[in-house]
Amino acid sequence: MLALTHAEIETITKGRIADGTILIDKGRIRAVGRAVKVPASAEVFDCGGRLVTPGFIEAHSHAGMAEDGHFHDADYNEMTDPVTPHLLAIDGFKPSDRALLEAAQAGVTTMYLTQGSANVFCGIGATIKTWAPSFDARIVNPQAGLKMAMGENPKRVYGSRNQRPGTRMAIAAVMRETFTAAGNYVQKRQAYDRKSAKDRAKEPFAVDLKLAAVARLLAGELPARCHAHRSIDMLTFMRVADEFGFRYVFEHATEAIDILDALAQRQVPVVIGPTMGSRSKLELHNRSFETVVRAVEAGLTVAITTDHQVTPLQYLPVFAALAVRAGLSEADALRTLTIHPATILGLAKRLGSIERGKDADLVVWEGDPLDVRTRVHRSFIAGEPVPAEA
């Protein structure tokens with residue numbers, strides 16, 4: 001058992017607690033408040049009045065699929081087929097990536113691990129902890145969303161080979177064809193399951209891993225995680241989603257500011273970024289931190305992303321600080337790093353705030369986490385201190 005004492009606790013959901021205590025047992029928060037009784041057997045970590053927040057959450061990352069300094073061995077883009085929904089990001093994950101420990105040391109304790117955006121259907125992503133004593137202990141949800149992509153990336157990859165899709169029309173067509181095939185596959189499976197056991201034994205059902213993965217999306221088991229920068233691509237994807245009836249999140253959402261009414265009407269969550277960096281292609285022409293501000297004002301569930309490897313995962317709090325400079329409130333900035341990404345990942349009951357029963361992913365700060373000069377005093381994941389050195 002571990003007790004963090006004399007802490008200024010930013011709970012995120014229930015205000016701040018001055019001179020509070022967080023009691024941790026078996027990786028979870030057992031109690032939090034000003035009058036928490038600390039058992040004599042508990043290890044005590046005196047925070048000395050420092051601020052404690054929940055661990056920050058990166059809602060879109062490729063860290064561990066392409067190790068820092070080893071990009072030649074990257075595993076996030078399977079650029080051989082525009083439809084690869086059955087690929088599992090966890091099968092390409094390398095926990096040895098030094099960026100993961102650096103992120104944990106910097107207060108980013110959880111991330112969504114996802115494929116790249118080369119394909120129309122890219123594969124299934126996972127939610128992981130950025131540090132843990134074993135591979136299995138890192139895994140929060142091994143299958144947390146189905147990555148899909150619109151716009152320039154699949155057009156460039158396949159159009160350059162004179163393959164489909166080479167246009168935005170073809171991207172939408174591939175989506176509709178695949179969703180239709182998945183619906184037909186489900187009907188065939190249901191018809192097969194209605195057969196007698198004797199008939200099923202004569203001819204086993206021919207499983208199609210691709211269509212089975214897409215069928216999970218249509219059944220509501222997974223949300224789609226759609227890579228889309230431009231508003232025209234988001235509008236097209238929303239039309240397709242309206243036709244086939246599945247849940248989705250927009251990743252990057254660079255031009256979300258142009259279609260906030262449509263997004264708010266459907267209450268579509270958005271993971272915005274990476275906003276700090278060059279406008280390296282047409283889709284990024286309207287990149288601005290104002291998009292974060294306006295999306296929050298529109299009532300959307302908003303998270304911020306560094307899109308590691310594009311920009312380093314450990315600097316996620318810097319992105320939130322720059323959104324504050326653009327007009328976002330500090331309270332909303334902290335929510336974009338904690339409870340909002342937890343909600344987007346379907347983990348708000350487990351992560352994103354300091355409350356009884358939640359994972360003890362906690363960060364003790366030397367100062368204001370939205371001040372880029374501030375260092376982390378100590379990070380904890382599941383109640384275990386993150387190693388100070390590799």
Side-chain angles (χ1 to χ4, degrees), residues 57-65 75-78 82-93 108 110-130 138-151 153-154 175 178-179 182 209-229 233-234 237-238 240-241 244-253 256 263 266-274 300-308 313 336 339-352:
I57 302 170
E58 166 62 90
H60 172 98
S61 177
H62 311 291
M65 297 192 79
D75 285 303
Y76 52 79
N77 267 326
E78 178 62 43
V83 180
T84 58
H86 57 315
L87 302 184
L88 302 181
I90 207 71
D91 291 335
F93 176 56
V108 183
T110 304
M111 64 172 235
Y112 180 68
L113 176 74
T114 184
Q115 291 85 354
S117 49
N119 299 341
V120 180
F121 288 83
C122 311
I124 295 175
T127 307
I128 64 168
K129 298 296 178 74
T130 52
R138 290 177 179 268
I139 311 303
V140 179
N141 184 352
Q143 300 186 36
L146 178 56
K147 173 72 174 284
M148 300 174 67
M150 304 287 290
N153 288 2
M175 287 186 178
T178 306
F179 285 129
L209 293 178
K210 291 185 178 183
L211 294 180
V214 178
R216 294 181 63 196
L217 176 65
L218 296 178
E221 296 176 20
L222 298 170
R225 300 293 302 262
C226 180
H227 165 107
H229 286 279
D233 291 325
M234 287 185 274
F237 191 84
M238 285 191 279
V240 174
F244 292 93
F246 56 84
R247 296 180 294 123
Y248 57 98
V249 177
F250 279 128
E251 298 179 336
H252 307 306
L263 293 168
R266 294 169 175 84
Q267 281 299 294
V268 182
V270 289
V271 180
I272 299 175
L300 300 181
T301 302
V302 180
I304 291 175
T305 180
T306 64
D307 195 12
H308 187 101
L313 176 62
T336 67
I339 196 63
H340 284 183
T343 299
I344 289 169
L345 295 173
L347 293 168
K349 292 183 178 180
R350 180 174 173 181
L351 300 170

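Side chains included, hydrogens not; waters and symmetry mates left out as well; all remaining heavy atoms used.
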Chemist: With rounding to the nearest 0.5 Å, note down the distance linking OG1 in Thr84 to NE2 in His86.
Modeler: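 These two atoms lie 7.0 Å from each other.
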
Chemist: Taking atom NZ of Lys210 and atom OG1 of Thr178, what is their separation to the nearest 0.5 Å?
Modeler: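 Result: 8.5 Å between the selected atoms.
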
Chemist: Taking the side chain as every heavy atom from C-beta outward, state whether Phe250 and Met238 have any pair of such atoms under 4.5 Å apart.
Modeler: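 A side-chain contact exists here, since the closest heavy-atom pair is under 4.5 Å.
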
Chemist: What distance separates Thr336 OG1 from Ile304 CD1, expressed to the nearest 0.5 Å?
Modeler: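 With rounding to 0.5 Å, OG1 (Thr336) is 3.5 Å from CD1 (Ile304).
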
Chemist: Go through the steps for Thr114 and His62 under the test side chain to side chain contact (heavy atoms under 4.5 Å, CB included), then give the verdict.
Modeler: CA-CA 6 Å; Thr114 184; His62 311 291; 3.7 Å; yes

Chemist: Could you measure the distance from the CD1 atom of Ile344 to the CD1 atom of Ile339? Nearest 0.5 Å is fine.
Modeler: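 Rounded to the nearest 0.5 Å, the CD1-CD1 separation comes out at 11.0 Å.
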
Chemist: Among Thr305, Thr110, Thr130, find the residue that satisfies the side chain to side chain donor-acceptor pair (under 3.5 Å) test when tested with Glu58.
Modeler: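 Single side chain to side chain donor-acceptor pair (under 3.5 Å) partner of Glu58 among Thr305, Thr110, Thr130: Thr305.
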
Chemist: Please name the pair of heavy atoms, one in Ile90 and one in Ile128, separated by the smallest distance, quoted to 0.1 Å.
Modeler: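 Shortest heavy-atom contact: CD1-CG2, 4.1 Å.
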
Chemist: Can you give me the closest heavy-atom contact between Leu218 and Ala182, atom names plus distance?
Modeler: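 Closest heavy-atom pair between Leu218 and Ala182: CD1-CB, 3.9 Å.
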
Chemist: Check Ala89 against Met65 and note the closest heavy-atom contact, atom names and distance.
Modeler: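 Minimum heavy-atom contact is O-CE, 3.7 Å.
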
Chemist: Please check if the side chain of His340 supplies one atom and the backbone of Ala303 the other of a donor-acceptor pair under 3.5 Å.
Modeler: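 Absent.
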
Chemist: Give me the atom names and distance for the closest heavy-atom approach of Ser117 to Cys122.
Modeler: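 Closest pair (atom of Ser117, atom of Cys122, distance): CA-SG, 4.1 Å.
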
Chemist: Quick one: closest heavy-atom pair of Arg225 and Ala59, and the distance?
Modeler: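 Result for this residue pair: NH2-O, 2.6 Å.
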
Chemist: State the CG-OH distance between Leu87 and Tyr76, to the nearest 0.5 angstrom.
Modeler: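 Output value for this atom pair is 15.0 Å.
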
Chemist: If you define the side chain from C-beta out and look only at heavy atoms, does anything of Leu345 sit under 4.5 Å from Ile57?
Modeler: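 Side chain of Leu345 against side chain of Ile57, heavy atoms only: contact under 4.5 Å found.
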
Chemist: How far apart are the closest heavy atoms of Tyr248 and Ala241, and which atoms are they?
Modeler: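 Shortest heavy-atom separation between Tyr248 and Ala241 comes out as CE2-CB, 3.3 Å.
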
Chemist: Given the rule in the side chain to side chain contact (heavy atoms under 4.5 Å, CB included) test, do Arg216 and Gln143 qualify, once you have shown the distances and angles that lead to the verdict?
Modeler: CA-CA 11 Å; Arg216 294 181 63 196; Gln143 300 186 36; 2.4 Å; yes

Chemist: Decide if the gap between the ring center of Phe237 and the ring center of Phe179 is smaller than 6.0 angstrom.
Modeler: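 Ring-ring flag for Phe237/Phe179: false, centres at least 6.0 Å apart.
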
Chemist: Aromatic ring centroids of His252 and His60 under 6.0 Å?
Modeler: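 Ring centres of His60 and His252 closer than 6.0 Å.
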
Chemist: Supply the atom-to-atom distance Asn119 CG to His227 NE2, rounded to the nearest 0.5 angstrom.
Modeler: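 Rounded to the nearest 0.5 Å, the CG-NE2 separation comes out at 11.5 Å.
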
